[in-house]
Amino acid sequence: MEGRILTEDFYRSEDVLQVARALLGKLLVTKMDGVRTSGIITEVEAYRAPDDRACHAYGNRCTARTEVMFRAGGCAYIYLCYGMHHLFNVVTGPEGMAHAVLVRAVEPLEGVEEMLRRRGKKKVQPQLTTGPGVLSQALGLHKDMSGENLLSGERVWIEDIGRKITEHEMGVSPRIGVDYAGESALWPWRFFIRGSKWVKR
DNA sequence: CACCGGATTGGCT
DNA sequence: GCCAATCCGGTGT
């Protein structure tokens, strides 16, 4: 399964909601120590400074951690959540706009043995790659890779494998786990492939 | 199956 | 010091 690596044009759109929807059905790929692992993106959420209270860069607050989000689209923002989970985001938009898409789940495709090993599992089940923390673990994504370039095809990138998700196949809901964010918590910025077993219900 | 608490670290006030 | 874009295992129904 070889697709075309997504380029700048895809990531630098100013419309992060559009990019989030377009990421469904794309293939998230990592290559670590020569081992390729990948999964089809089934669930995402958009985050958008400055107006979105759930976004780490709310109010365009730029810190050592969030600085990556202000870069031009096409790099990874990976941060530590609850002290132990590494959450992978795609930075989008032009330089200076802190927009990002959190990848919440994938359907495993390549390197399943390696993903099972990294997760300490024996069987391929939804819990292997469904959930933002576990998918990062399965693909070997770590916060130390925050800022990694997604355009060069070195360690982590995203491919178009010709899969199109129609409006009918797409589910929409408010984002998960952002209750603290006031009104922003209600915005319908989570997108997923309806009926996929690789999406938590 | 629903509910609940503990894990564990670092970012920010 | 407080709490977070989560996960897992235990308990009770």
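So you know, we letter chains A, B, ... as the sequences are listed, proteins then strands, and number each from 1.
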So which pairs with a foot in residues 129-175 of chain A pass ring-ring contact (aromatic ring centres under 6.0 Å, His included), sequence neighbours left out? A:His86-A:His142
On a heavy-atom basis, which atom in A:Lys197 and which in A:Thr130 lie closest, and how many Å separate them? O-OG1, 4.4 Å
Looking at A:Met145 and A:Ala76, what are the two nearest heavy atoms and their distance? O-CB, 4.3 Å
Expected output is a numbered-order residue list: members of residues 57-66 of chain A with a heavy atom under 4.0 Å from any atom of DNA chain B. What is it? A:Thr63, A:Arg65
Candidate pair A:Thr42 and A:Ser196, rule side-chain hydrogen bond (donor to acceptor under 3.5 Å, both in side chains), full reasoning: CA-CA 7 Å; A:Thr42 56; A:Ser196 170; 4.8 Å; no
Contact list for DNA chain C against [range] - heavy-atom distance below 4.0 Å:
range	answer
residues 84-102 of chain A	A:His85, A:Leu87, A:Asn89, A:Leu102
residues 115-137 of chain A	A:Arg119, A:Gly131, A:Pro132, A:Gly133, A:Val134
residues 186-201 of chain A	A:Lys200

Outermost contacting nts on DNA chain B, any atom under 4.0 Å from chain A heavy atoms, listed 5' then 3', are B:dA7 to B:dC12
Salt-bridge criterion met for [X] and [Y] (N-O under 4.0 Å):
X	Y	result
A:Asp51	A:Arg48	yes
A:Arg175	A:Asp52	yes
A:Glu95	A:Arg71	no

More than 12 heavy atoms of other groups within 6.0 Å of A:Gln125 CD: yes
Tell me whether A:Asp144 at atom CG has more than 12 heavy atoms from other residues, nucleotides or ligands lying less than 6.0 Å away. yes
According to side-chain hydrogen bond (donor to acceptor under 3.5 Å, both in side chains), who are the partners of A:Trp198, at least two apart in sequence or on a separate chain? none
Not counting sequence neighbours, which residues clear side-chain hydrogen bond (donor to acceptor under 3.5 Å, both in side chains) with A:Glu14? List them please. none
Expressed in whole Å, how much space separates the P atoms belonging to C:dC3 and B:dG5? 16 Å
With sequence neighbours left out, write down each residue that passes ring-ring contact (aromatic ring centres under 6.0 Å, His included) with A:Tyr79, or none if nothing qualifies. A:His56, A:Tyr77
Given a cutoff of under 4.5 Å between side-chain heavy atoms of I, L, V, M, F, W and Y, with clusters grown through shared members, what are the other residues clustered with A:Phe192? A:Val199
Of A:Glu159, A:Glu114, A:Glu113, the residue whose pairing with A:Arg36 passes salt bridge (charged side-chain N to carboxylate O under 4.0 Å, His left out): A:Glu159
Are A:Ile40 and A:Phe88 connected into the same hydrophobic cluster when the rule is that any two of I, L, V, M, F, W, Y join if their side-chain heavy atoms are below 4.5 Å apart? no
Can you give me the dot-bracket string for DNA chain C, 5' to 3', counting Watson-Crick and G-U wobble pairs with both distances under 3.5 Å, using [ ] for crossing pairs and | for partners on another strand? ||||.|||||||.
If you round to the nearest 0.5 Å, how far is CG of A:Leu151 from CD1 of A:Ile5? 9.0 Å
When A:Lys31, A:Arg118, A:Glu110, A:Met32 are each screened for side chain to side chain contact (heavy atoms under 4.5 Å, CB included) with A:Thr37, the one that passes is A:Arg118
Show, in sequence, the C-alpha distance, side-chain angles and deciding distance for A:Ile158 and A:Val29, and conclude whether the side-chain contact (heavy atoms from CB on, under 4.5 Å) test is met. CA-CA 6 Å; A:Ile158 302 175; A:Val29 185; over 6 Å; no
Please find the earliest and latest nucleotides of DNA chain C, in the 5' to 3' direction, that have an atom within less than 4.0 Å of any heavy atom of chain A. C:dA4 to C:dC8
Do A:Gln137 and A:Arg119 pass the side-chain hydrogen bond (donor to acceptor under 3.5 Å, both in side chains) test, and can you show the C-alpha distance, the side-chain angles, and the key distance before you say yes or no? CA-CA 6 Å; A:Gln137 187 181 25; A:Arg119 292 276 297 120; 2.6 Å; yes
Test A:Leu6 against A:Lys26 for side-chain contact (heavy atoms from CB on, under 4.5 Å), laying out the working first. CA-CA 9 Å; A:Leu6 296 181; A:Lys26 298 292 190 293; 4.0 Å; yes
